[in-house]
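Each ligand, and each atom within it, is numbered from 1 in the order the structure gives.
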Amino acid sequence: MKVVGIAAISINGMIAQRPSQRSLDWASKDDLKVFKRVTKNAGVVIVGRKTYETIGKPLAERLMIVMTKEPSKYEGITGAIEFTDQSPQLILEDLKGRGFEEVAVIGGGEIYSLFLKEGLLTDLYVTVEPILFGNGKNLATDFDRIDTKLESVEKIGDQSVLLYYSLS
Ligand SMILES: NC(=O)c1ccc[n+]([C@@H]2O[C@H](COP(=O)([O-])OP(=O)(O)OC[C@H]3O[C@@H](n4cnc5c(N)ncnc54)[C@H](OP(=O)(O)O)[C@@H]3O)[C@@H](O)[C@H]2O)c1
């Protein structure tokens, strides 16, 4: 199964300046187009509860799997959205069993870190935006090192660069 990470980062590797900040507040429209293409192609996204709160609703045409330690808190919420405290491995097994061949891991930092640490990401899209944050949330932390292979570099719009890496 393809497990594709996708993120927009500042020049200095941050995915957000403040915990509740939405990426739409600073990332480009060109990045949003890439996000829509990659996530719609997968048909399903995995997201951390904090990032889900910044989005605030399910994403059209994509199943949303929200990782939280307290799924029971979200029992009333309906639509193409599921809340789970399962491990990343079990979530992926379950999605495979349901016929998905690809899944997009859309963050935030805790979730990228978890999937990277467990060696589960197969691909990674990173859009570098023309901005520096002097503080904030790193793309991923809490592991030693992970080597990747740069597959492509594409200028998107006037100001942004899309990097595509394969892992493993
Ligand atoms: N620039 C980008 O591309 C991009 C992409 C995504 C997000 N972001 C930004 O990143 C920020 C949020 O990132 P974040 O790292 O603070 O939070 P996050 O990764 O979105 O969510 C963290 C939450 O996920 C749940 N979680 C983490 N590990 C888990 C596990 N093993 N099992 C079950 N649940 C688990 C916990 O939810 P509970 O507390 O409910 O248990 C935890 O509080 C926001 O500002 C967002 O806008 C930026």
Requested in this report: Report yes or no: do Leu95 and Tyr112 belong to one cluster of Ile/Leu/Val/Met/Phe/Trp/Tyr joined by side chain heavy-atom distances under 4.5 Å?
Outcome: yes
Query raised in the report: To the nearest 0.1 Å, how far is atom 36 (C) of ligand 1 from its closest protein heavy atom, and which atom is that?
Result: Met67 O, 4.2 Å
Query raised in the report: Quick check: does Thr84 get an N/O under 3.5 Å from an N/O on ligand 1?
Result: no
Query raised in the report: By number and element, which atoms of ligand 1 are closer than 4.0 Å to a non-hydrogen atom of Lys137?
Result: 14 (P), 15 (O), 16 (O)
Query raised in the report: Between Gln159 and Ser28, does any side-chain donor sit less than 3.5 Å from a side-chain acceptor?
Result: no
Report summary line: Here the atoms of ligand 1 under 4.0 Å from any heavy atom belonging to Ala16 are 9 (C), 45 (O)
Query raised in the report: Got a sec, which residues hit ring pair (Phe, Tyr, Trp, His ring centres under 6.0 Å) with Phe100, two or more places apart in sequence or on another chain?
Result: none
Query raised in the report: Tell me, which protein residue and heavy-atom name are nearest atom 41 (O) of ligand 1, and how many Å apart are they?
Result: Lys69 N, 2.8 Å
Query raised in the report: Of all the non-hydrogen atoms in the protein, which one sits nearest to atom 20 (O) of ligand 1, and at what distance?
Result: Thr51 OG1, 2.5 Å
Report summary line: A student comparing Arg18, Glu110, Gln21 should find that the heavy atom closest to atom 42 (C) of ligand 1 comes from Glu110
**Report entry** Geometric N/O contact Gly109 with ligand 1, under 3.5 angstrom
**Finding:** yes
**Report entry** Nearest non-hydrogen protein atom, atom 31 (N) of ligand 1
**Finding:** Leu114 CD2, 3.5 Å
Query raised in the report: Listed by chain and number, what are the side chain to side chain contact (heavy atoms under 4.5 Å, CB included) partners of Asp25, not counting sequence neighbours?
Result: Gln21, Arg22
Report summary line: So the atoms of ligand 1 within less than 4.0 Å of a heavy atom of Thr68 turn out to be 33 (C), 34 (N), 37 (O), 38 (P), 40 (O), 41 (O)
**Report entry** Non-hydrogen side-chain atoms of Ile77 and Glu75 separated by less than 4.5 Å
**Finding:** no
Query raised in the report: Backbone N or O of Gly108 within a donor-acceptor pair of the Thr51 side chain at under 3.5 Å?
Result: yes
Requested in this report: Any atoms of ligand 1 less than 4.0 Å from a non-hydrogen atom of Pro19? List them with their elements.
Outcome: 11 (C), 44 (C), 45 (O)
Query - Close side-chain approach of Val45 to Tyr52, heavy-atom, < 4.5 Å - result: no
Query raised in the report: With distance as the sole criterion, is a donor-acceptor pair present between the side chains of Tyr164 and Asp123 under 3.5 Å?
Result: yes
Query raised in the report: atom 23 (C) of ligand 1: which protein heavy atom is closest, and how many Å away?
Result: Arg49 N, 3.7 Å
Query raised in the report: Which ligand 1 atoms does Thr54 reach within 4.0 Å, using its non-hydrogen atoms?
Result: 47 (O)
